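Here the structure is laid out as structure tokens; the discussion comes afterwards.
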Amino acid sequence: TQLDPADFDRTGALCKVNVKIRPGGTGEIVFSQGGTRQTAGARSETGELIPKGTEVIITRCEKGIAYVRRYDEMAGERQEPAGASEANRQ
């Protein structure tokens with residue numbers, strides 16, 4: 001059996017922060033890969049604090065560290081729909 005590097009690529013994986021990621025520092029994420037629970041060291045792609053329990057997406061991996069962004073940020077949920085704030089004022 002030959003190992004396929006694609007089976008080990010974590011980029012794009014949805015994870016949960018297990019140990020908070022300090023601003024400019026490192027924390028820990030937990031995710032499922034190949035049916036098993038995995039953990040990895042993680043840093044925020046933007047350098048911000050990411051609290052424990054936050055859902056994140058792995059954007060890249062370097063030297064054993066996963067770089068992540070908040071899932072809600074990647075999904076666009078932080079952006080208010082056009083005209084929403086104006087509609088709330090009326």
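In this text, all values refer to a predicted model and were calculated from it rather than measured experimentally.
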Of all heavy-atom pairs linking K20 and K52, the shortest is CB-N, 3.8 Å
Are E45 and E73 close enough, and set up right, to give a side-chain contact (heavy atoms from CB on, under 4.5 Å), and what steps lead you there? CA-CA 12 Å; E45 190 73 67; E73 183 180 285; over 6 Å; no
Indicate the atoms forming the closest heavy-atom contact of G24 with R43, along with that distance. O-NH1, 4.4 Å
Minimal heavy-atom distance between Y71 and I57, with the atoms involved, is CD1-CD1, 3.6 Å
Short side-chain to backbone donor-acceptor contact, S44 and L49, under 3.5 Å: no
Check I50 against R70 and note the closest heavy-atom contact, atom names and distance. CA-NH2, 4.0 Å
In Å and rounded to the nearest 0.5 Å, what is the CD1 to CD distance from I21 to E28? 10.0 Å
Kindly compute the distance separating CG (L14) from CD (E55), expressed to the nearest 0.5 Å. 5.0 Å
Closest heavy-atom pair, R37 versus N18, reported as atoms and distance to 0.1 Å, is NH2-ND2, 4.3 Å
Can you name the closest pair of heavy atoms from C15 and I29 and give their distance? SG-CD1, 3.9 Å
